[in-house]
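All values below come from the heavy atoms of this structure, side chains included, with hydrogens, waters and symmetry mates left out. Atoms within each ligand, like the ligands themselves, are counted from 1 in listed order. Since this is a predicted model, take the numbers as computed values, not measurements.
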Amino acid sequence: MRRSPRPVLALALLLAAGTGCNTWYNDVPSPDNLLAQVPWFDHMISSQAVWPYSRLGVPRNTPPGTVPVTGGEVDWSAEWAMANTTTADKLVNPTDRIPTARGDTLYHTFCAVCHGVAGAGDGPVGPKVAAPSLLTPRAIGYTDGYLYSITRYGRGIMGKYGDKITEQDDRWQVVNYVRQLQSAVAPAAGGKP
Ligand code: HEC
């Protein structure tokens with residue numbers, strides 16, 4: 001007689017229940033720790049697809065007591081959460097501020113569902129969460145650094161997108177794209193760099 005698959009299923013469910021939604025961003029274990037625990041990891045790690053430390057796209061916490069020599073991005077989330085925009089407003093947009101196809105794709109992937117394809121706050125989910133229009137004088141008046149920060153960290157009930165749009169340049173492309181939407185309604189404004 002075949003063994004019932006139930007215990008395996010129960011174990012899988014238990015493991016799934018134990019993993020919080022945010023595990024990947026905050027608690028992802030180091031591959032060094034996993035090596036000892038997962039028997040097949042020793043050859044997985046040599047796969048072409050696994051280069052855990054060589055891709056900036058994978059958010060990885062710095063081990064305590066170390067400093068990233070390659071220049072990790074500073075974290076102003078605590079200040080931002082207190083509605084203090086000092087650091088945010090001082091950020092300098094490192095791009096030429098010209099909108100790109102990349103920004104278009106990212107905006108439509110992550111923002112349009114609430115803020116609408118043209119930024120008017122009329123995406124399918126927009127009214128359900130009271131997502132504001134991005135075309136108001138207030139939104140136009142934000143600095144690029146403010147838009148970058150809200151994209152990275154979220155604000156109020158708008159969640160953070162820094163763990164989904166992980167590359168810094170990609171977040172600036174989103175900022176530039178929002179500026180393009182704004183310049184369509186207020187050609188002279190275009191926001192503060
Ligand atoms: C799930 C819906 C949702 C998504 C998706 C979303 N937002 Fe928001 N956004 C909101 C809500 C709700 C607010 C208002 C938050 C508050 O009350 O502080 C907001 C506020 C903003 C503001 C400030 C507007 C103002 O007038 O103060 C900006 C700028 C913004 N979002 C940009 C973005 C960008 C860029 C993205 C994509 C990376 C994005 N949002 C994705 C819901 C969303």
Side-chain angles (χ1 to χ4, degrees), residues 19-28 55-61 71-193:
T19 19
C21 298
N22 231 357
T23 307
W24 176 247
Y25 192 58
N26 288 319
D27 306 321
V28 56
R55 282 187 300 135
L56 286 173
V58 180
R60 194 163 286 288
N61 294 337
E73 190 180 17
V74 289
D75 178 18
W76 60 98
S77 55
E79 186 188 285
W80 177 257
M82 309 286 287
N84 175 347
T85 65
T86 313
T87 305
D89 287 336
K90 275 201 215 122
L91 297 175
V92 178
N93 186 338
T95 72
D96 51 16
R97 301 186 89 218
I98 296 170
T100 58
R102 179 80 180 149
D104 184 318
T105 302
L106 290 167
Y107 179 86
H108 285 92
T109 306
F110 294 107
C111 320
V113 65
C114 287
H115 292 289
V117 285
D122 56 356
V125 179
K128 296 189 170 58
V129 295
S133 163
L134 303 180
L135 311 176
T136 60
R138 179 178 65 180
I140 290 171
Y142 289 136
T143 57
D144 279 7
Y146 188 100
L147 297 179
Y148 180 94
S149 303
I150 202 169
T151 300
R152 186 178 181 197
Y153 294 131
R155 193 189 79 194
I157 60 167
M158 175 180 147
K160 62 169 182 252
Y161 288 84
D163 55 349
K164 299 155 197 82
I165 308 173
T166 54
E167 304 281 332
Q168 296 177 40
D169 184 64
D170 280 352
R171 295 183 204 139
W172 288 114
Q173 297 306 330
V174 171
V175 171
N176 294 343
Y177 191 78
V178 170
R179 289 306 191 204
Q180 183 187 34
L181 295 178
Q182 293 174 340
S183 67
V185 292
K192 285 181 243 161

Taking only heavy atoms of Ile157, which atoms of ligand 1 are found under 4.0 Å from at least one of them?
12 (C)
Ranked by distance from atom 22 (C) of ligand 1, the top protein heavy atom is Ile150 CD1, 3.3 Å
Ignoring hydrogens and geometry, is there a side-chain-to-backbone donor-acceptor pair from Thr136 to Ala139 under 3.5 Å?
yes
Mind checking whether Tyr142 contacts ligand 1 via backbone (N, CA, C, O), side chain (CB onward), both or neither, at a 4.0 Å heavy-atom cut-off?
side chain
Numbered in order shown, the ligand 1 atoms found under 4.0 Å of a heavy atom of Val113 are 5 (C)
With a cut-off of 2.8 Å, does His115 put an N/O/S atom close enough to atom 8 (Fe) of ligand 1?
yes
For Val129, counting its heavy atoms only, list the atoms of ligand 1 lying under 4.0 Å from any of them.
2 (C), 12 (C)
Nearest protein heavy-atom contact for atom 38 (C) of ligand 1: which residue, which atom, what distance?
Cys111 SG, 2.7 Å
Only heavy atoms count here, so choose which of Cys114, Pro132, Ala131 is nearest to atom 19 (C) of ligand 1.
Pro132
Is it true that a side-chain atom of Arg102 and a backbone atom of Val174 form a donor plus acceptor pair closer than 3.5 Å?
no
Is the side chain of Arg171 donor-acceptor paired with the backbone N or O of Thr166 at a distance under 3.5 Å, no angle test?
yes
I need the contact type for Leu147 against ligand 1. Using non-hydrogen atoms and a strict under-4.0 Å cut-off, is it side chain, backbone, both or neither?
side chain
Which residue and atom name correspond to the protein heavy atom nearest atom 10 (C) of ligand 1, and how close is it?
Met158 CB, 3.4 Å
Taking the side chain as C-beta and beyond, is there a heavy-atom pair between Thr109 and Lys164 under 4.5 Å?
no
Would a distance-only check, ignoring hydrogens and angles, find a side-chain to backbone donor-acceptor pair under 3.5 Å from Tyr153 to Trp76?
yes
So which heavy atom in the protein is nearest atom 5 (C) of ligand 1, and how far is it from that ligand atom?
Tyr161 OH, 2.8 Å
Check contact between Val125 and ligand 1, using heavy atoms of the residue and a distance below 4.0 angstrom.
no
Taking only heavy atoms of Thr151, which atoms of ligand 1 are found under 4.0 Å from at least one of them?
35 (C), 38 (C)
Closest approach of Asp144 and Arg179, non-hydrogen atoms and distance?
OD1-NE, 2.8 Å
Looking only at protein heavy atoms, which one is nearest to atom 15 (C) of ligand 1, and how far off is it?
Arg155 O, 3.4 Å
Side-chain (Glu79) to main-chain (Thr87) donor-acceptor, under 3.5 angstrom
yes
If we number the atoms of ligand 1 from 1 as shown, the ones under 4.0 Å from a heavy atom of Phe110 are 5 (C), 37 (C), 41 (C)
Any side-chain heavy atom of Thr100 sitting closer than 4.5 Å to one from Trp172?
no
Aromatic contact between His108 and Tyr177, with the criterion being ring centroids under 6.0 Å apart: yes or no?
yes
Which of Pro137, Ser133, Pro132 passes side-chain contact (heavy atoms from CB on, under 4.5 Å) with Leu135? Answer is Ser133
For ligand 1, which atoms, with element, lie under 4.0 Å from some heavy atom of Val174?
35 (C)
Please compare Val175, Thr136, Leu134 and report which has the shortest non-hydrogen distance to atom 28 (C) of ligand 1.
Leu134
Locate the shortest heavy-atom distance separating Ala112 from Pro124; write the atom from each residue and the value.
O-CD, 4.3 Å
Should the proximity of Arg138 to ligand 1, defined as any heavy atom under 4.0 Å, be assigned to the side chain, the backbone, both, or neither?
side chain
